[in-house]
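Notes to accompany the following structure.
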Amino acid sequence: MHLVELSEKFVSRFSESGPYYTSYPTLSEWSASIGAAEYSRALEKFADEYEQPCAGLYIHFPFCPKQCLYCVCNAVISQDSLRINKFLDTLEREIDLLFSFFMRRNRALRINAIHLGGGSPSFLEKQGFLKVMQALDKWHIREAFEEFSIEVDPRTVSAEKFDWYREAGITRLSFGIQDFSAEVQKVINREQPFELVQSLLTPDVRRDFSSINFDILYGLPLQTYDSFVATVRKVVELSPDRITLLRYAHMPESRRHQETLSHYPMPDDNEKVRMFIAASQIFTEAGWVHIGIDHFAKPADSLAISAQNGTMQRSFIGFAPGWSQNLLGVGPTATMQVGSLYAQNIYSLDDYDKAIGDGQFPVSRGCSLETDDLVRRDVINSILCRYQVSFKEIEYKYKILFKNYFKREINELSELEAEGILELTAHDITVTQYGKFFLRQICKVFDRYLQTGKRYTIAGP
Ligand code: SF4
(Lines give C-alpha, C1' and ligand atoms only; values in the text may rest on other atoms or scores of the structure.)
Protein backbone atom coordinates (compact mmCIF):
# COMPACT_ATOMS: atom_id res chain seq x y z
CA MET A 1 0.00 0.00 0.00
CA HIS A 2 1.23 3.47 -0.85
CA LEU A 3 1.64 5.66 2.19
CA VAL A 4 1.42 9.44 1.97
CA GLU A 5 4.72 11.20 2.64
CA LEU A 6 4.58 12.57 6.13
CA SER A 7 6.41 15.86 6.44
CA GLU A 8 7.40 17.19 9.84
CA LYS A 9 4.78 19.88 9.36
CA PHE A 10 2.07 17.29 8.72
CA VAL A 11 2.99 15.37 11.89
CA SER A 12 3.15 18.44 14.10
CA ARG A 13 -0.12 19.88 12.73
CA PHE A 14 -1.87 16.54 13.05
CA SER A 15 -0.61 16.05 16.61
CA GLU A 16 -1.67 19.50 17.87
CA SER A 17 -3.72 19.25 21.02
CA GLY A 18 -7.27 20.50 20.97
CA PRO A 19 -10.91 19.62 21.44
CA TYR A 20 -12.96 17.26 19.30
CA TYR A 21 -15.90 19.71 19.36
CA THR A 22 -18.64 17.25 20.30
CA SER A 23 -20.07 20.48 21.69
CA TYR A 24 -19.22 24.16 21.36
CA PRO A 25 -18.48 25.64 23.85
CA THR A 26 -16.60 22.52 24.93
CA LEU A 27 -17.19 20.76 28.26
CA SER A 28 -14.32 22.64 29.89
CA GLU A 29 -16.33 25.87 29.55
CA TRP A 30 -19.45 24.47 31.23
CA SER A 31 -20.09 25.59 34.77
CA ALA A 32 -22.03 24.70 37.91
CA SER A 33 -24.09 27.88 37.48
CA ILE A 34 -26.38 25.77 35.28
CA GLY A 35 -28.53 23.39 37.30
CA ALA A 36 -31.98 21.86 37.49
CA ALA A 37 -33.79 25.23 37.34
CA GLU A 38 -32.07 26.32 34.09
CA TYR A 39 -32.60 22.89 32.53
CA SER A 40 -36.31 22.98 33.47
CA ARG A 41 -36.67 26.40 31.86
CA ALA A 42 -35.00 25.16 28.65
CA LEU A 43 -37.34 22.14 28.57
CA GLU A 44 -40.33 24.39 29.17
CA LYS A 45 -39.35 26.63 26.25
CA PHE A 46 -38.79 23.56 24.08
CA ALA A 47 -42.26 22.21 25.02
CA ASP A 48 -43.93 25.58 24.36
CA GLU A 49 -42.24 26.04 21.00
CA TYR A 50 -43.48 22.87 19.35
CA GLU A 51 -46.84 21.17 18.96
CA GLN A 52 -45.01 17.87 19.09
CA PRO A 53 -41.47 18.33 20.45
CA CYS A 54 -39.03 15.82 19.07
CA ALA A 55 -35.59 14.82 20.37
CA GLY A 56 -33.02 12.06 20.64
CA LEU A 57 -32.60 10.24 23.95
CA TYR A 58 -29.29 9.08 25.45
CA ILE A 59 -29.53 6.55 28.30
CA HIS A 60 -26.39 6.09 30.41
CA PHE A 61 -25.92 2.74 32.15
CA PRO A 62 -22.71 3.28 34.15
CA PHE A 63 -21.79 -0.25 35.31
CA CYS A 64 -19.03 -2.48 33.89
CA PRO A 65 -17.88 -5.84 35.23
CA LYS A 66 -14.15 -5.11 34.81
CA GLN A 67 -11.93 -2.07 34.41
CA CYS A 68 -10.46 -1.64 30.94
CA LEU A 69 -7.21 0.22 31.64
CA TYR A 70 -7.47 2.63 28.69
CA CYS A 71 -10.98 3.75 29.67
CA VAL A 72 -11.90 7.45 29.79
CA CYS A 73 -15.64 6.87 30.21
CA ASN A 74 -17.73 7.47 33.29
CA ALA A 75 -17.90 3.90 34.45
CA VAL A 76 -18.65 2.24 37.78
CA ILE A 77 -16.88 -1.11 38.13
CA SER A 78 -19.27 -3.40 39.98
CA GLN A 79 -21.07 -6.69 39.53
CA ASP A 80 -23.30 -6.10 42.54
CA SER A 81 -26.81 -6.91 41.29
CA LEU A 82 -28.49 -5.17 44.23
CA ARG A 83 -26.64 -1.97 43.41
CA ILE A 84 -27.52 -2.29 39.73
CA ASN A 85 -31.20 -2.92 40.50
CA LYS A 86 -31.31 0.10 42.77
CA PHE A 87 -29.81 2.19 39.97
CA LEU A 88 -32.40 0.89 37.47
CA ASP A 89 -35.19 1.97 39.86
CA THR A 90 -33.72 5.48 39.97
CA LEU A 91 -33.25 5.55 36.19
CA GLU A 92 -36.92 4.66 35.75
CA ARG A 93 -37.89 7.50 38.09
CA GLU A 94 -35.76 9.92 36.06
CA ILE A 95 -37.48 8.82 32.83
CA ASP A 96 -40.85 9.38 34.57
CA LEU A 97 -39.70 12.81 35.76
CA LEU A 98 -38.67 13.87 32.25
CA PHE A 99 -41.69 12.60 30.34
CA SER A 100 -44.29 13.67 32.92
CA PHE A 101 -42.77 17.17 32.65
CA PHE A 102 -43.92 17.28 29.01
CA MET A 103 -47.24 15.57 29.75
CA ARG A 104 -48.13 18.23 32.32
CA ARG A 105 -47.68 20.76 29.52
CA ASN A 106 -49.96 18.77 27.26
CA ARG A 107 -47.12 17.75 25.02
CA ALA A 108 -46.28 14.22 23.94
CA LEU A 109 -42.52 14.22 23.56
CA ARG A 110 -41.50 12.16 20.53
CA ILE A 111 -38.17 10.36 20.64
CA ASN A 112 -36.72 9.67 17.21
CA ALA A 113 -33.35 8.16 18.16
CA ILE A 114 -32.39 6.19 21.26
CA HIS A 115 -28.82 5.43 22.29
CA LEU A 116 -28.12 3.07 25.17
CA GLY A 117 -24.54 3.75 26.23
CA GLY A 118 -22.27 3.51 29.20
CA GLY A 119 -20.43 1.98 30.96
CA SER A 120 -21.41 -1.29 29.48
CA PRO A 121 -25.13 -1.73 28.76
CA SER A 122 -24.58 -5.17 27.21
CA PHE A 123 -23.61 -6.28 30.74
CA LEU A 124 -27.34 -5.97 31.68
CA GLU A 125 -29.01 -9.30 32.27
CA LYS A 126 -32.48 -10.02 30.92
CA GLN A 127 -34.48 -8.78 33.89
CA GLY A 128 -32.56 -5.50 34.00
CA PHE A 129 -32.70 -4.98 30.23
CA LEU A 130 -36.47 -5.58 30.18
CA LYS A 131 -36.90 -3.20 33.10
CA VAL A 132 -35.30 -0.42 31.03
CA MET A 133 -37.53 -1.29 28.03
CA GLN A 134 -40.65 -1.23 30.23
CA ALA A 135 -39.63 2.15 31.65
CA LEU A 136 -39.45 3.43 28.05
CA ASP A 137 -42.75 1.81 27.07
CA LYS A 138 -44.63 3.54 29.87
CA TRP A 139 -44.09 6.73 27.83
CA HIS A 140 -44.42 5.18 24.35
CA ILE A 141 -40.78 5.99 23.70
CA ARG A 142 -40.16 2.98 21.46
CA GLU A 143 -43.01 3.72 19.06
CA ALA A 144 -41.61 6.07 16.44
CA PHE A 145 -37.82 6.05 16.38
CA GLU A 146 -35.54 6.08 13.35
CA GLU A 147 -32.61 4.46 15.11
CA PHE A 148 -32.09 2.59 18.39
CA SER A 149 -28.48 1.75 19.18
CA ILE A 150 -26.66 -0.03 21.98
CA GLU A 151 -22.97 -0.17 22.93
CA VAL A 152 -21.79 -3.77 22.97
CA ASP A 153 -18.85 -5.30 24.81
CA PRO A 154 -18.12 -8.56 22.93
CA ARG A 155 -17.25 -10.25 26.25
CA THR A 156 -20.73 -9.69 27.68
CA VAL A 157 -23.04 -10.51 24.76
CA SER A 158 -24.39 -13.75 23.37
CA ALA A 159 -26.77 -14.94 20.66
CA GLU A 160 -29.50 -14.90 23.31
CA LYS A 161 -28.87 -11.25 24.16
CA PHE A 162 -29.00 -10.37 20.47
CA ASP A 163 -32.49 -11.96 20.44
CA TRP A 164 -33.65 -9.60 23.22
CA TYR A 165 -32.12 -6.64 21.38
CA ARG A 166 -33.87 -7.60 18.15
CA GLU A 167 -37.21 -8.04 19.95
CA ALA A 168 -36.72 -4.67 21.67
CA GLY A 169 -36.37 -3.00 18.26
CA ILE A 170 -32.67 -2.18 18.49
CA THR A 171 -31.38 -1.35 15.01
CA ARG A 172 -27.68 -0.65 15.54
CA LEU A 173 -24.95 -2.43 17.49
CA SER A 174 -21.78 -0.54 18.39
CA PHE A 175 -18.96 -2.94 19.32
CA GLY A 176 -16.02 -1.81 21.46
CA ILE A 177 -13.18 -3.53 19.59
CA GLN A 178 -10.12 -1.29 20.24
CA ASP A 179 -7.41 -3.69 18.98
CA PHE A 180 -7.19 -7.34 17.92
CA SER A 181 -3.60 -7.94 19.10
CA ALA A 182 -3.62 -10.49 21.96
CA GLU A 183 -0.65 -8.72 23.64
CA VAL A 184 -2.31 -5.30 23.52
CA GLN A 185 -5.62 -6.75 24.76
CA LYS A 186 -3.88 -8.37 27.72
CA VAL A 187 -2.14 -5.15 28.74
CA ILE A 188 -5.29 -3.04 28.49
CA ASN A 189 -7.25 -5.69 30.43
CA ARG A 190 -9.75 -6.36 27.68
CA GLU A 191 -9.24 -9.82 26.23
CA GLN A 192 -11.68 -10.51 23.40
CA PRO A 193 -10.10 -12.55 20.61
CA PHE A 194 -10.86 -11.93 16.96
CA GLU A 195 -12.58 -15.36 16.81
CA LEU A 196 -15.02 -14.30 19.54
CA VAL A 197 -16.11 -11.20 17.61
CA GLN A 198 -16.23 -13.19 14.38
CA SER A 199 -18.48 -15.83 15.97
CA LEU A 200 -20.88 -13.14 17.25
CA LEU A 201 -21.39 -11.64 13.81
CA THR A 202 -23.55 -14.40 12.37
CA PRO A 203 -25.55 -13.93 9.14
CA ASP A 204 -28.68 -13.53 11.34
CA VAL A 205 -27.10 -10.71 13.34
CA ARG A 206 -25.97 -8.98 10.14
CA ARG A 207 -29.47 -9.29 8.69
CA ASP A 208 -31.40 -8.25 11.79
CA PHE A 209 -29.44 -5.13 12.70
CA SER A 210 -29.28 -2.50 10.01
CA SER A 211 -25.93 -1.10 11.14
CA ILE A 212 -22.93 -2.50 12.97
CA ASN A 213 -20.23 -0.16 14.26
CA PHE A 214 -16.70 -0.94 15.48
CA ASP A 215 -14.77 1.42 17.77
CA ILE A 216 -11.01 1.13 17.17
CA LEU A 217 -8.28 2.80 19.24
CA TYR A 218 -4.83 3.80 18.01
CA GLY A 219 -1.96 4.97 20.21
CA LEU A 220 -2.41 2.19 22.79
CA PRO A 221 0.55 0.72 24.73
CA LEU A 222 2.43 -2.04 22.89
CA GLN A 223 0.79 -1.08 19.60
CA THR A 224 3.21 -0.79 16.69
CA TYR A 225 2.49 0.39 13.19
CA ASP A 226 2.53 -3.20 11.92
CA SER A 227 0.39 -4.63 14.72
CA PHE A 228 -2.18 -1.87 14.23
CA VAL A 229 -2.31 -2.38 10.46
CA ALA A 230 -2.95 -6.09 11.18
CA THR A 231 -5.92 -5.07 13.38
CA VAL A 232 -7.22 -2.77 10.65
CA ARG A 233 -7.08 -5.61 8.11
CA LYS A 234 -9.03 -7.85 10.49
CA VAL A 235 -11.65 -5.11 10.83
CA VAL A 236 -11.94 -5.01 7.03
CA GLU A 237 -12.41 -8.79 7.05
CA LEU A 238 -15.32 -8.50 9.51
CA SER A 239 -16.78 -5.68 7.43
CA PRO A 240 -18.77 -3.51 9.89
CA ASP A 241 -21.04 -0.81 8.41
CA ARG A 242 -19.33 1.95 10.38
CA ILE A 243 -15.93 2.35 12.00
CA THR A 244 -14.93 4.96 14.57
CA LEU A 245 -11.16 5.40 14.67
CA LEU A 246 -10.29 7.05 17.96
CA ARG A 247 -7.01 8.12 19.48
CA TYR A 248 -6.11 6.77 22.91
CA ALA A 249 -6.02 9.58 25.49
CA HIS A 250 -3.40 8.84 28.16
CA MET A 251 -4.38 10.87 31.23
CA PRO A 252 -3.14 8.96 34.30
CA GLU A 253 -3.39 12.15 36.44
CA SER A 254 -7.17 12.13 36.16
CA ARG A 255 -7.74 8.42 35.31
CA ARG A 256 -5.67 6.62 37.94
CA HIS A 257 -6.31 3.18 36.43
CA GLN A 258 -4.26 4.26 33.38
CA GLU A 259 -1.10 4.56 35.52
CA THR A 260 -0.23 0.88 34.90
CA LEU A 261 -0.12 1.58 31.17
CA SER A 262 2.65 4.16 31.64
CA HIS A 263 5.07 1.20 32.16
CA TYR A 264 4.65 0.00 28.57
CA PRO A 265 6.05 1.51 25.35
CA MET A 266 3.56 3.64 23.48
CA PRO A 267 3.69 4.79 19.87
CA ASP A 268 5.14 8.29 19.42
CA ASP A 269 3.41 11.11 17.51
CA ASN A 270 4.97 10.11 14.21
CA GLU A 271 3.84 6.50 14.55
CA LYS A 272 0.34 7.53 15.63
CA VAL A 273 -0.04 9.72 12.55
CA ARG A 274 1.14 6.85 10.34
CA MET A 275 -1.38 4.53 12.01
CA PHE A 276 -4.26 6.93 11.40
CA ILE A 277 -3.26 7.57 7.79
CA ALA A 278 -2.74 3.85 7.07
CA ALA A 279 -6.12 2.92 8.59
CA SER A 280 -7.81 5.73 6.70
CA GLN A 281 -6.25 4.56 3.40
CA ILE A 282 -7.08 0.90 3.98
CA PHE A 283 -10.69 1.65 4.89
CA THR A 284 -11.30 4.04 2.00
CA GLU A 285 -9.63 1.74 -0.53
CA ALA A 286 -11.86 -1.08 0.75
CA GLY A 287 -15.00 1.01 0.11
CA TRP A 288 -15.77 2.91 3.32
CA VAL A 289 -16.28 6.67 3.08
CA HIS A 290 -14.20 8.89 5.43
CA ILE A 291 -16.65 11.01 7.41
CA GLY A 292 -15.97 13.98 9.68
CA ILE A 293 -12.82 13.68 11.79
CA ASP A 294 -12.58 9.99 12.46
CA HIS A 295 -15.61 8.05 11.20
CA PHE A 296 -15.83 5.68 8.23
CA ALA A 297 -19.07 4.30 6.82
CA LYS A 298 -20.17 2.12 3.94
CA PRO A 299 -21.91 4.26 1.29
CA ALA A 300 -25.33 2.66 2.01
CA ASP A 301 -25.14 3.30 5.76
CA SER A 302 -27.41 6.06 7.10
CA LEU A 303 -24.38 8.04 8.32
CA ALA A 304 -22.78 8.12 4.87
CA ILE A 305 -26.12 9.04 3.30
CA SER A 306 -26.64 11.89 5.77
CA ALA A 307 -23.07 13.12 5.15
CA GLN A 308 -23.78 13.07 1.43
CA ASN A 309 -27.06 14.97 1.67
CA GLY A 310 -25.80 17.49 4.22
CA THR A 311 -27.96 16.52 7.21
CA MET A 312 -25.26 14.89 9.36
CA GLN A 313 -24.66 16.43 12.78
CA ARG A 314 -21.95 16.52 15.41
CA SER A 315 -23.19 15.50 18.86
CA PHE A 316 -21.93 14.21 22.20
CA ILE A 317 -21.97 10.70 20.81
CA GLY A 318 -19.89 11.52 17.73
CA PHE A 319 -21.22 12.06 14.23
CA ALA A 320 -24.89 11.15 13.80
CA PRO A 321 -27.35 11.08 10.89
CA GLY A 322 -29.06 14.18 12.29
CA TRP A 323 -32.42 12.85 13.33
CA SER A 324 -32.92 15.74 15.72
CA GLN A 325 -31.32 19.02 16.85
CA ASN A 326 -32.11 18.34 20.50
CA LEU A 327 -30.71 15.55 22.61
CA LEU A 328 -32.11 14.62 26.02
CA GLY A 329 -30.31 12.33 28.43
CA VAL A 330 -30.97 10.20 31.48
CA GLY A 331 -28.54 8.49 33.83
CA PRO A 332 -25.51 9.87 35.68
CA THR A 333 -23.16 12.04 33.55
CA ALA A 334 -25.58 12.04 30.59
CA THR A 335 -25.23 15.21 28.53
CA MET A 336 -28.13 17.13 27.02
CA GLN A 337 -28.63 19.77 24.35
CA VAL A 338 -31.94 21.63 24.44
CA GLY A 339 -32.21 24.75 22.28
CA SER A 340 -29.38 27.02 23.36
CA LEU A 341 -28.62 25.15 26.59
CA TYR A 342 -26.16 22.34 27.30
CA ALA A 343 -26.49 20.42 30.55
CA GLN A 344 -24.85 17.44 32.19
CA ASN A 345 -26.13 15.14 34.92
CA ILE A 346 -24.36 14.51 38.23
CA TYR A 347 -21.37 12.10 38.31
CA SER A 348 -21.83 10.52 41.73
CA LEU A 349 -24.42 7.74 41.90
CA ASP A 350 -25.42 8.70 45.45
CA ASP A 351 -25.97 12.36 44.52
CA TYR A 352 -27.83 11.27 41.39
CA ASP A 353 -30.09 9.07 43.48
CA LYS A 354 -30.73 11.85 45.98
CA ALA A 355 -31.63 14.43 43.32
CA ILE A 356 -34.14 12.07 41.71
CA GLY A 357 -35.51 11.18 45.18
CA ASP A 358 -36.11 14.93 45.70
CA GLY A 359 -37.96 15.12 42.38
CA GLN A 360 -35.22 17.28 40.80
CA PHE A 361 -33.54 16.97 37.42
CA PRO A 362 -30.06 15.74 38.45
CA VAL A 363 -28.16 18.42 36.52
CA SER A 364 -24.76 19.44 37.91
CA ARG A 365 -23.35 21.76 35.25
CA GLY A 366 -23.97 23.19 31.82
CA CYS A 367 -23.67 26.14 29.54
CA SER A 368 -26.15 28.68 28.27
CA LEU A 369 -25.10 29.70 24.77
CA GLU A 370 -24.94 33.39 23.85
CA THR A 371 -25.60 34.44 20.25
CA ASP A 372 -21.85 34.48 19.55
CA ASP A 373 -21.60 30.86 20.75
CA LEU A 374 -24.48 29.87 18.48
CA VAL A 375 -22.87 31.52 15.44
CA ARG A 376 -19.53 29.83 16.13
CA ARG A 377 -21.20 26.48 16.84
CA ASP A 378 -22.86 26.60 13.43
CA VAL A 379 -19.54 27.45 11.73
CA ILE A 380 -17.71 24.65 13.58
CA ASN A 381 -20.44 22.08 12.81
CA SER A 382 -20.40 23.09 9.18
CA ILE A 383 -16.63 22.53 8.98
CA LEU A 384 -16.91 19.14 10.70
CA CYS A 385 -19.99 17.84 8.92
CA ARG A 386 -19.93 19.51 5.49
CA TYR A 387 -16.25 20.47 5.00
CA GLN A 388 -17.45 23.87 3.98
CA VAL A 389 -18.83 27.13 5.40
CA SER A 390 -21.13 29.30 3.31
CA PHE A 391 -20.85 32.93 4.45
CA LYS A 392 -24.31 33.73 3.08
CA GLU A 393 -25.95 31.00 5.12
CA ILE A 394 -24.44 32.29 8.38
CA GLU A 395 -25.11 35.91 7.41
CA TYR A 396 -28.75 35.19 6.63
CA LYS A 397 -29.32 33.24 9.85
CA TYR A 398 -27.57 35.64 12.24
CA LYS A 399 -27.83 38.96 10.41
CA ILE A 400 -24.08 39.57 10.43
CA LEU A 401 -21.46 40.31 7.80
CA PHE A 402 -19.25 37.21 7.95
CA LYS A 403 -16.03 38.90 6.91
CA ASN A 404 -16.49 41.72 9.41
CA TYR A 405 -17.59 39.47 12.22
CA PHE A 406 -14.71 37.03 11.70
CA LYS A 407 -11.95 39.47 10.68
CA ARG A 408 -9.30 37.91 12.98
CA GLU A 409 -10.33 34.38 12.06
CA ILE A 410 -10.11 35.06 8.31
CA ASN A 411 -6.60 36.44 8.81
CA GLU A 412 -5.58 33.35 10.74
CA LEU A 413 -7.07 31.05 8.11
CA SER A 414 -4.64 32.35 5.51
CA GLU A 415 -1.86 30.35 7.23
CA LEU A 416 -3.92 27.15 6.86
CA GLU A 417 -4.73 28.15 3.29
CA ALA A 418 -1.01 28.47 2.51
CA GLU A 419 -0.52 24.93 3.83
CA GLY A 420 -3.19 23.65 1.43
CA ILE A 421 -5.66 22.79 4.20
CA LEU A 422 -8.50 24.98 2.91
CA GLU A 423 -9.55 27.33 0.16
CA LEU A 424 -10.87 30.74 1.06
CA THR A 425 -13.03 32.69 -1.42
CA ALA A 426 -15.18 35.80 -1.12
CA HIS A 427 -18.18 33.54 -0.40
CA ASP A 428 -17.03 30.50 1.49
CA ILE A 429 -14.41 28.32 3.13
CA THR A 430 -13.87 24.91 1.58
CA VAL A 431 -11.75 22.21 3.19
CA THR A 432 -9.43 20.51 0.68
CA GLN A 433 -9.00 16.73 0.44
CA TYR A 434 -5.66 17.12 2.27
CA GLY A 435 -7.30 19.44 4.83
CA LYS A 436 -9.76 16.72 5.92
CA PHE A 437 -7.01 15.47 8.26
CA PHE A 438 -6.98 18.85 10.01
CA LEU A 439 -10.64 19.68 10.67
CA ARG A 440 -10.12 20.33 14.38
CA GLN A 441 -7.28 22.71 13.58
CA ILE A 442 -9.64 24.78 11.39
CA CYS A 443 -12.34 24.70 14.08
CA LYS A 444 -9.86 25.96 16.67
CA VAL A 445 -9.53 29.22 14.74
CA PHE A 446 -13.24 29.88 15.40
CA ASP A 447 -13.07 28.89 19.09
CA ARG A 448 -13.38 32.14 21.01
CA TYR A 449 -12.38 30.50 24.29
CA LEU A 450 -8.94 29.59 22.93
CA GLN A 451 -8.25 33.30 22.53
CA THR A 452 -7.78 33.50 26.29
CA GLY A 453 -4.53 31.59 25.82
CA LYS A 454 -6.03 28.34 27.02
CA ARG A 455 -4.23 25.12 26.09
CA TYR A 456 -6.02 21.84 25.61
CA THR A 457 -4.19 18.68 26.48
CA ILE A 458 -5.98 16.19 24.23
CA ALA A 459 -4.13 15.67 20.96
CA GLY A 460 -5.83 14.80 17.72
CA PRO A 461 -6.95 14.26 14.94
S1 SF4 B 1 -16.43 -1.50 29.10
FE2 SF4 B 1 -16.20 0.56 28.26
S3 SF4 B 1 -16.89 1.92 29.89
FE4 SF4 B 1 -16.51 -0.08 30.83
S5 SF4 B 1 -14.42 0.04 31.63
FE6 SF4 B 1 -14.33 -0.85 29.57
S7 SF4 B 1 -14.01 0.92 28.19
FE8 SF4 B 1 -14.70 1.71 30.16
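We number each residue from 1, following the sequence as shown. Fair warning: this is a prediction, and the values are worked out from it, not measured in the lab. Whatever order the structure lists them in is the order used to number ligands and atoms, beginning at 1.
Test Val157, Leu116, Asp208 against Tyr165 for side chain to side chain contact (heavy atoms under 4.5 Å, CB included) and you get one pass: Val157. Of the residues Tyr39, Tyr24, Trp30, the one that meets the ring pair (Phe, Tyr, Trp, His ring centres under 6.0 Å) test with Tyr342 is Trp30. Screening Phe10, Tyr387, Phe276 for a ring pair (Phe, Tyr, Trp, His ring centres under 6.0 Å) involving Phe438 leaves a single residue, Phe10.
Judged purely by distance below 3.5 Å, without hydrogens or angles, the side chains of Thr90 and Asp353 pair a donor atom with an acceptor atom.
Here Arg190 has side-chain heavy atoms under 4.0 Å from ligand 1, and that is the only part of it that gets that close.
Of all protein heavy atoms, the one closest to atom 8 (Fe) of ligand 1 is Cys71 SG, 2.3 Å. From the protein, the heavy atom lying nearest to atom 7 (S) of ligand 1 is Tyr70 OH, 3.4 Å.
Among Ser120, Gly176, Gly119, the residue whose heavy atom lies nearest to atom 2 (Fe) of ligand 1 is Gly119.
The contact set between ligand 1 and Lys66, taken as ligand atoms under 4.0 Å from a residue heavy atom, comprises 5 (S). Close contacts between ligand 1 and Cys64 involve ligand atoms 1 (S), 3 (S), 4 (Fe), 5 (S) [criterion: under 4.0 Å to a heavy atom].
Within the coordination shell of atom 4 (Fe) of ligand 1, defined by N, O or S atoms under 2.8 Å, Cys68 is absent. Among the backbone and side-chain atoms of Cys73, none of the N, O or S atoms lies under 2.8 Å from atom 8 (Fe) of ligand 1.
Around atom CD of Glu44, more than 12 heavy atoms belonging to other residues, nucleotides or ligands sit under 6.0 Å away.
Between His250 and Tyr248, the ring planes lie tilted relative to each other; the angle falls in the 30° to 60° range.
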